[in-house]
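To start, the structure under review is shown below, and the notes come after it.
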Amino acid sequence: MLRLIVNYLLIIFFVGCNNQNKTFISGKIIKPTNNEIQVLKDEKIIKKIKISNDGTFLGSIENINSGLYNFIHLPEFQYLIINKGDSLVLRLNSLDFDESLVFSGKGASKNNYLIDVFLEHEIEDNYIKSNYKSSKRVFKKIIDSLINKKNTEFLKFKSSIKINSISNLIINHAIIVPLYSHIENYIIINKNNHSNNIEYFNNFRQNINLNISELSHFKPYLDYITLKSINESFSEDKGYDYNLNFNLLRLEFLDNQISDQTIKTKLLRFIAYEYLLEEKKLINIDDFIYEFSKISNNESTNKEVSVLYENITSLQVGKIFPEIKLYNENKIDKNISSHINLNSNNVFVFWSYDQNAHQVNLFNKMNLLINKFPDYYFNLININDDNIKWKNNLINSFYNSRINNFRSINFESMSKKMVLNNLNKVIITGENGIIKEITNLNNLEKYLNNN
């Protein structure tokens with residue numbers, strides 16, 4: 001195996017010497033979960049590299065800009081710092097993705113350090129959370145200690161390894177932003193002392209620039225700003241009341257504090273989805289959309305939120321169940337109205353063979369309810385795209401004349417029409433396909449008992 005890695009390094013070295021405009025990415029994946037890796041910049045795929053039968057891969061990218069990238073081997077992903085001319089060699093085991101990921105070659109040191117930072121945060125996470133109820137002085141001491149330790153280690157690293165300004169920016173924020181997010185969470189949890197905590201931790205809260213364009217696609221950074229928007233929208237009277245007014249204040253905070261358009265757009269979109277998927281009152285949704293549209297100037301995001309709004313208004317009690325195309329067990333694709341008798345009472349549930357615990361719970365519940373409520377038909381809609389795997393998972397389930405098994409033809413389209421933000425969602429229809437109730441698996445039996 002050492003010989004394989006050395007061979008890759010030699011290939012990269014000689015090829016790289018001939019073309020300094022190319023950046024090379026190669027390596028080996030043990031137990032790969034699919035046949036390619038993807039390299040993304042700002043969430044856009046810039047390179048797909050095929051994985052050989054022995055798990056090795058080799059690819060190059062021309063005229064790359066230094067900065068933050070994503071390395072994806074579905075379903076896992078990790079961040080990369082890539083500079084023009086780097087020759088990164090990756091080695092990992094897909095069964096232990098982050099913990100096994102190691103870099104060698106030109107550009108390896110900064111990426112190994114970044115991975116170590118992420119892993120350290122994971123180890124510390126539970127300890128910090130266990131102190132959320134400690135006094136603010138104790139909690140501040142914990143955060144101060146961790147920041148000082150990490151900064152000292154980073155200074156030592158930089159004294160031996162020279163890195164450029166963008167690498168320094170990324171690693172520095174990878175170190176401090178998760179710790180600052182813990183402070184925001186501490187303030188949220190200890191809401192009864194909100195004003196005092198804001199003042200006490202103010203030095204931390206003023207330390208991070210909220211408009212760093214190089215970090216506009218860095219999740220820990222965006223998570224921090226999202227948490228800060230919650231604390232900045234706190235009401236002494238109502239606390240963290242996640243209602244319309246609270247979310248309008250969050251929009252106002254972003255509008256006033258975020259000038260970077262990419263960051264603003266991503267966070268506006270996040271808050272819109274978070275609120276719209278939970279709000280039940282259409283009049284509140286109308287008011288939110290009105291204010292959102294005055295702040296957001298990204299045409300693509302506005303269109304996306306508009307489609308979500310239309311789907312929410314269509315999926316209401318009293319409306320007709322939306323038309324979606326599904327495969328039945330014979331792989332015949334039809335509109336749902338052609339598959340089932342819409343004049344009967346129908347229950348629609350959703351599942352995935354990738355979520356085993358949910359699947360087992362769902363099948364068990366359907367077995368129970370099918371006998372208890374003979375006036376209902378139960379429609380199980382699988383969201384996956386592999387027909388064979390779907391059928392294999394049905395073998396160990398059950399067959400009943402009032403059970404209909406379907407698989408989505410286009411999950412993206414179906415999930416939008418169903419406003420499917422989680423697999424616990426349940427939709428119940430009556431005569432003519434009129435929606436009678438939208439609930440969840442936990443409350444389904446209670447509803448059926450009462451109706």
Side-chain angles (χ1 to χ4, degrees), residues 43 67-71 76-81 97-99 101 103 110-134 136-158 163 166-190 197-198 200-232 240 250 253-254 257-258 260 262-263 266-267 270-271 274:
E43 300 176 25
L68 188 66
Y69 290 77
N70 285 122
F71 160 75
E76 302 285 352
F77 90 101
Q78 189 49 269
Y79 290 102
L80 296 175
I81 304 172
F97 195 89
D98 291 343
E99 288 78 4
L101 180 56
F103 298 90
K110 59 183 180 289
N111 282 290
N112 283 325
Y113 198 91
L114 182 64
I115 291 294
D116 287 343
V117 168
F118 291 143
L119 293 177
E120 275 192 7
H121 282 308
E122 287 183 12
I123 294 170
E124 298 157 354
D125 194 59
N126 287 334
Y127 168 69
I128 298 173
K129 288 179 179 178
S130 71
N131 281 278
Y132 277 172
K133 286 299 183 179
S134 300
K136 57 190 176 186
R137 290 174 180 81
V138 170
F139 191 76
K140 182 177 182 297
K141 185 177 180 180
I142 292 170
I143 299 299
D144 277 333
S145 175
L146 288 169
I147 289 175
N148 290 335
K149 171 180 172 290
K150 293 173 187 293
N151 283 342
T152 300
E153 291 171 349
F154 189 35
L155 285 172
K156 183 179 179 181
F157 170 76
K158 291 191 290 184
I163 60 174
I166 184 63
S167 298
N168 182 77
L169 177 76
I170 294 167
I171 295 175
N172 182 57
H173 281 79
I175 290 171
I176 62 172
V177 165
L179 296 175
Y180 282 28
S181 289
H182 279 298
I183 291 173
E184 297 299 324
N185 272 322
Y186 178 88
I187 295 171
I188 291 171
I189 287 173
N190 296 280
N197 285 334
I198 287 285
Y200 190 77
F201 291 106
N202 195 50
N203 287 340
F204 288 104
R205 303 182 80 247
Q206 302 304 316
N207 274 345
I208 296 183
N209 181 350
L210 304 183
N211 291 283
I212 305 174
S213 60
E214 293 87 350
L215 300 178
S216 60
H217 296 270
F218 189 43
K219 188 176 184 299
Y221 178 69
L222 298 175
D223 287 346
Y224 168 75
I225 301 175
T226 301
L227 288 169
K228 191 166 184 177
S229 77
I230 292 174
N231 278 322
E232 293 298 322
Y240 299 99
R250 293 177 74 189
F253 168 77
L254 295 181
Q257 298 297 320
I258 309 299
D260 183 276
T262 301
I263 295 173
K266 290 177 75 67
L267 294 178
F270 174 82
I271 291 175
E274 185 180 54

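Please read all numbers here as calculations on a predicted model, not as lab measurements.
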Original post:
Rounded to the nearest 0.5 Å, how far apart are CZ of Phe270 and CD1 of Ile225?
Top reply: 12.5 Å
Original post:
Which atom pair, heavy atoms only, marks the closest approach of Ile166 to Gly67?
Top reply: CG1-CA, 3.9 Å
Subject >> Phe218: ring-ring contact (aromatic ring centres under 6.0 Å, His included) partners, not counting sequence neighbours >> reply: Tyr79
Original post:
Taking Tyr221 for the side chain and Glu214 for the main chain, is one N or O donor matched with an acceptor at less than 3.5 Å?
Top reply: no
Original post:
Quick check: does any side chain N or O of Lys228 sit under 3.5 Å from a backbone N or O of Arg205, one acting as donor and the other as acceptor?
Top reply: yes
Original post:
Has the side chain of Asn190 got a donor or acceptor atom that lies under 3.5 Å from a matching backbone atom of Tyr132?
Top reply: yes
Original post:
What residues form a salt bridge (charged side-chain N to carboxylate O under 4.0 Å, His left out) with Asp260, not counting sequence neighbours?
Top reply: none
**OP:** Compare all side-chain heavy atoms of His182 with those of Asp125 and state whether any distance is below 4.5 angstrom.
**Re:** yes
Subject >> Value rounded to 0.5 Å, distance of CG in Leu179 from NZ in Lys150 >> reply: 6.0 Å
**OP:** Answer whether the closest heavy-atom distance between the side chains of Phe204 and Ile147 falls below 4.5 Å.
**Re:** yes
Original post:
Looking only at atom types and distance, does a side-chain atom of Asn112 sit under 3.5 Å from a main-chain N or O of Phe103, one as donor and one as acceptor?
Top reply: yes
Original post:
Any donor and acceptor pair, going by atom type alone, linking the side chain of Asn231 with main-chain N or O of Glu184 inside 3.5 Å?
Top reply: yes
